[in-house]
Every structure is written in C-alpha cells, then in structure tokens.
Amino acid sequence: MNKNTVSKLCLFASGLVSRMEENKAYFININILYKSGTKNFSGNVKSENGELTLSYQGIKNVISPDGFTEFLKNNSSNYDSVLITYNERGAKLVIDASDKNVKFSQTDSSPDENVAQPTDRQYIVNPVAAKELLEEIGILAQNGKIKNDKIRKYNQIDYFIELIQKELAGFEDGREIIVMDCACGKSYLSFVLNFYLRDVLKKPCRFVCIDYSEAVIKASEAIAEKLNYTNMEFIKADLKTYEPKLQADIVISLHACDTATDMALGIGIRTNAKLIVAVPCCHKYMLRHYSYKPFDSIMKYGILKARLADTLTDGLRALYLESVGYKVSVKEYISPLETPKNIMIMASYTGKCNKESQEEYESLKQQLGFTPAIEQMV
C-alpha cells in the first residue's frame with residue numbers, strides 16, 4: 001500500500017484506539033488480516049490482565065494503545081491490503097484498506113424486532129440476539145430453544161427487565177450506570193440486565209455483585225470471563241457488614257432470603273441509589289418478633305399469622321422507603337402460580353422525605369411491638 005493509503009488507514013485506526021480506551025470494559029479484540037498476492041498474514045490485539053498484547057507472525061508483545069497505530073504505520077506498506085475488524089460488546093467496526101480505497105463500516109448487534117423468536121413469548125431480552133449469554137447461563141439449549149426446566153427462571157428474569165424498562169431508559173446517556181446486585185446468587189439477573197443495558201440500550205454500565213457464598217462468586221466470575229463481561233465485579237461478603245465503595249445508581253435484589261432483602265434495601269438507601277428494586281423471599285424475622293393483640297384470635301392459626309407477617313413486612317418496607325425520600329410502588333411480579341414470592345418493591349429516589357409515611361411507619365411499629373429489620377440495616 002502506498003503512503004497516502006497508509007496515512008488514511010492510520011487516521012481511521014486512531015479512531016479505533018480512542019474508542020478502545022473509552023470502552024475498555026466492553027473491548028474484546030482487534031483482528032488484523034494482511035494480504036500480499038495470494039498469501040494472508042493474520043494478527044490480533046487483545047487485553048490480557050489489564051495490558052494490551054499484539055500477536056503477529058508468532059510474536060506477542062505488550063503495547064500501548066497508540067502502539068497499534070504505530071504498528072500499522074510501520075508494516076502496512078509491505079502488503080497489498082489489510083482488513084481490520086474491531087470487536088466490542090454490541091458492535092463490530094471494520095476498516096478495509098487498499099490502494100483502491102479505504103472503507104469504514106460499523107454494525108451494532110442490537111436485537112432485530114423482526115427476528116423470529118424461539119418461543120411464543122416476546123422476550124425483552126431477545127433469545128436470538130442474546131444467544132451466547134443465555135447458553136452460557138444455562139437457559140438456552142443449542143437448538144435455540146429455552147430449556148423446559150429453565151422457562152420459569154427466564155420468564156422471571158426477563159419480566160424483571162420489562163417491569164423496570166421505563167426507569168432504565170430514563171438514565172442519562174453516556175454516564176456510567178453503577179448497578180449493585182445484593183445476594184446475587186448465580187447472578188443470572190445481573191448478566192441479563194448487563195446485556196440489556198449495554199447491548200440493547202447502549203448505556204455504559206458497571207456491575208458489583210455481592211454474595212456470601214464463595215462457590216457462587218467463583219461460578220459467576222467464570223461465566224463473566226467466558227462472556228468477556230469485564231464490566232462486572234463479584235465480591236464475597238456478608239451484606240450485614242458490607243460497605244459499598246461506589247455510589248450505586250441501581251440496587252437490585254431477587255429472592256434474597258428474609259432480612260437479606262432488608263440489607264439490600266439498606267445499601268440502596270445508604271448510597272442514595274436512584275432506583276431500588278427488590279423481590280423479597282421468605283419473611284421469617286417479623287414472624288418471630290411481632291404481636292398485635294386485636295388479632296390474637298386470628299393469629300393463633302400459624303399460616304394466617306405467617307401470611308399477615310409477609311404483607312406487613314413489605315408494607316413497612318414501602319412506608320420506610322417513602323419516609324426517607326423514595327417514590328414507591330408495590331406490584332405483582334409474576335403469577336402466584338409461578339411462585340408465591342411474587343411481590344416486587346420498586347423505589348425511585350426523589351430526595352423528598354414523606355413526613356406522613358414516617359408517622360404511619362412509627363405508629364405501626366409501636367402497635368406491632370418491634371423494630372423492622374429495614375430500619376436496623378439503615
């Protein structure tokens with residue numbers, strides 16, 4: 001290639017370098033294919049342990065981002081043409097250069113609404129576009145169908161995204177969204193939400209997933225590595241003592257048992273998270289501590305006392321969130337036929353404390369004779 005072509009090529013390549021530095025968390029690799037006559041010579045650039053490595057003709061070197069452009073400048077004149085493919089999560093950029101022309105193209109991997117989906121349900125996270133993700137977390141079979149024993153799990157996760165779609169779209173474009181997943185378990189929800197935010201909405205994001213189980217943390221780390229989801233951090237910690245190092249924008253918790261939900265809500269409140277979304281699990285704490293004399297004749301039936309405890313626990317959580325500056329909605333998450341733990345608490349930060357809710361919360365606390373766990377966690 002002549003000097004003019006190489007100069008144009010390096011100009012386009014400098015744009016790739018700028019994008020690579022800006023989107024470090026989503027960068028996958030750069031593939032290089034030189035042609036000289038009928039022979040091909042390939043190389044690649046990728047990130048390994050935080051360093052960029054350039055592999056070419058059997059030699060691997062650590063380079064700076066600008067080193068990629070320098071490599072092209074020094075080598076391209078020896079070949080007839082070069083095809084450079086830049087890959088990041090959700091996008092592919094291609095530079096096709098020869099003395100005839102230097103062409104640039106970009107393809108985004110956003111879901112195509114017209115793509116036939118492998119099930120009857122119209123998923124928010126399209127199983128075709130998210131095939132690699134859903135296969136890795138064990139939801140999608142190789143034939144493109146949702147596995148029978150994972151349909152319920154995927155319906156729950158996808159519907160979670162559907163219910164908070166409006167709130168997610170409202171976050172400012174271009175600013176990194178920090179998401180904390182409390183009692184993350186296998187992190188299915190975070191992986192799917194990560195895909196939706198980054199690959200569908202094209203919003204920069206970072207995930208901090210916390211769980212006390214070392215086994216699930218290691219399993220989640222392995223999945224993230226296979227998917228190249230480098231914008232995710234997995235922390236083994238007890239939510240009782242965990243202190244966030246980052247200001248959370250979104251705090252989520254799916255089926256965290258008993259007071260673990262309150263711990264998650266507490267983290268959201270302490271960090272003034274803009275959005276807190278929790279789907280509680282069991283409600284053992286209040287069942288062990290509360291009493292209400294006017295209802296003694298009803299609460300002598302254990303199942304009724306337990307169901308009343310469920311309702312009161314989530315009601316007090318909602319009131320407390322309102323009292324400290326959140327607009328709260330409590331809705332049915334999925335059909336009770338799927339699971340009896342089907343209440344979703346969604347809280348959006350307003351910064352305006354609700355005095356009436358605070359008074360109602362304090363009054364109920366006195367009547368029930370105990371301090372709810374959410375207050376203790378804050």
Side-chain angles (χ1 to χ4, degrees), residues 25-26 28 87 89-90 109-112 115-165 168 179-201 205-236 250 252-257 260 264 277-279 281 333-335 337-342 344:
Y26 315 111
I28 298 173
N87 297 295
R89 276 185 54 199
S109 60
S110 300
D112 184 348
V115 172
Q117 302 201 43
T119 64
D120 293 334
R121 188 181 189 277
Q122 293 298 304
Y123 287 103
I124 299 300
V125 177
N126 185 299
V128 176
K131 184 175 185 293
E132 183 183 6
L133 162 65
L134 298 179
E135 283 182 348
E136 191 59 47
I137 64 177
I139 286 176
L140 203 65
Q142 291 185 346
N143 63 4
K145 299 284 188 180
I146 304 295
K147 294 179 180 178
N148 288 337
D149 61 343
K150 295 295 183 180
I151 291 175
R152 188 176 76 169
K153 172 62 72 176
Y154 190 53
N155 283 343
Q156 291 179 17
I157 295 170
D158 190 74
Y159 192 48
F160 189 103
I161 307 296
E162 182 176 332
L163 288 174
I164 64 173
Q165 260 188 305
L168 296 177
V179 182
M180 289 189 182
D181 185 351
C182 298
C184 62
K186 295 182 180 178
S187 306
Y188 285 5
L189 181 58
S190 278
F191 283 119
V192 173
L193 181 55
N194 191 346
F195 173 86
Y196 183 72
L197 279 171
R198 173 60 195 172
D199 297 57
V200 179
L201 297 185
C205 55
R206 193 190 320 179
F207 282 72
V208 179
C209 304
I210 309 118
D211 201 284
Y212 66 84
S213 169
E214 186 173 356
V216 298
I217 290 297
K218 287 184 176 179
S220 296
E221 287 176 334
I223 293 172
E225 185 175 357
K226 288 180 182 178
L227 292 169
N228 202 49
Y229 278 23
T230 56
N231 64 327
M232 301 185 80
E233 178 182 7
F234 301 91
I235 298 173
K236 180 186 179 300
I250 302 173
I252 59 175
S253 178
L254 179 61
H255 293 156
C257 290
V277 188
V279 179
C281 189
Y333 170 41
I334 53 175
S335 167
L337 296 177
E338 292 276 345
T339 172
K341 309 302 181 183
N342 69 330
M344 172 184 277

Which atom names give the shortest non-hydrogen contact between F234 and A224, and what distance separates them? CE1-CB, 3.6 Å
At what distance, to the nearest 0.5 angstrom, does CD of Q156 lie from OH of Y188? 12.0 Å
Taking all non-hydrogen atoms of both residues into account, name the closest pair between K150 and G138 and its distance. CG-O, 3.3 Å
On a heavy-atom basis, the closest approach of V125 and F195 is CG1-CD2, 3.6 Å
One pair to check against side chain to side chain contact (heavy atoms under 4.5 Å, CB included): N231 and R89. What are the steps and the verdict? CA-CA 11 Å; N231 64 327; R89 276 185 54 199; 3.2 Å; yes
Can you classify the ring geometry of Y333 versus H255 as parallel (below 30°), tilted (30 to 60°) or perpendicular (above 60°)? perpendicular
Check the surroundings of atom CG in D149: do more than 12 heavy atoms from other residues, nucleotides or ligands lie under 6.0 Å from it? yes
Minimum heavy-atom distance between K186 and F191, given as atom pair plus value: O-CE1, 3.9 Å
Do L140 and I146 come within less than 4.5 Å of each other through their side chains, counting heavy atoms only? yes
Give the C-alpha distance, both sets of side-chain angles, the deciding distance and a yes or no for side chain to side chain contact (heavy atoms under 4.5 Å, CB included) between K131 and E135. CA-CA 6 Å; K131 184 175 185 293; E135 283 182 348; 2.5 Å; yes
Mind listing the closest non-hydrogen atom pair of I217 and C209 along with its distance? CD1-O, 4.1 Å
Is there a side chain to side chain contact (heavy atoms under 4.5 Å, CB included) between V277 and F160 once you walk through the steps? CA-CA 9 Å; V277 188; F160 189 103; 3.4 Å; yes
Look at atom NZ of K147 and say whether more than 12 heavy atoms of other residues, nucleotides or ligands are closer to it than 6.0 Å. yes
Please report the interatomic distance CD1(I161) to CG(L201), rounded to the nearest 0.5 Å. 9.5 Å
Which distance, rounded to the nearest 0.5 Å, do you find between the CD of E132 and the CG of L134? 10.5 Å
Take a 6.0 Å sphere around CD of E225 and say whether it holds more than 12 heavy atoms from other residues, nucleotides or ligands. no
What's the separation between atom CD1 in I210 and atom OG in S187, rounded to the nearest 0.5 Å? 10.0 Å
R206 side, atom CZ; R198 side, atom CZ - distance, nearest 0.5 Å: 13.5 Å
Check whether any side-chain heavy atom of I250 sits under 4.5 Å from a side-chain heavy atom of I252, and report yes or no. yes
Nearest heavy-atom approach of D211 to A183 is OD2-C, 3.4 Å
Pair L193-L168, side chain to side chain contact (heavy atoms under 4.5 Å, CB included): steps then yes or no: CA-CA 10 Å; L193 181 55; L168 296 177; 3.7 Å; yes
May I ask you to test the N194-L133 pair for a side-chain heavy-atom distance under 4.5 Å? no
Quick check for you: to the nearest 0.5 Å, what is the distance between C205 atom SG and M232 atom CE? 8.5 Å
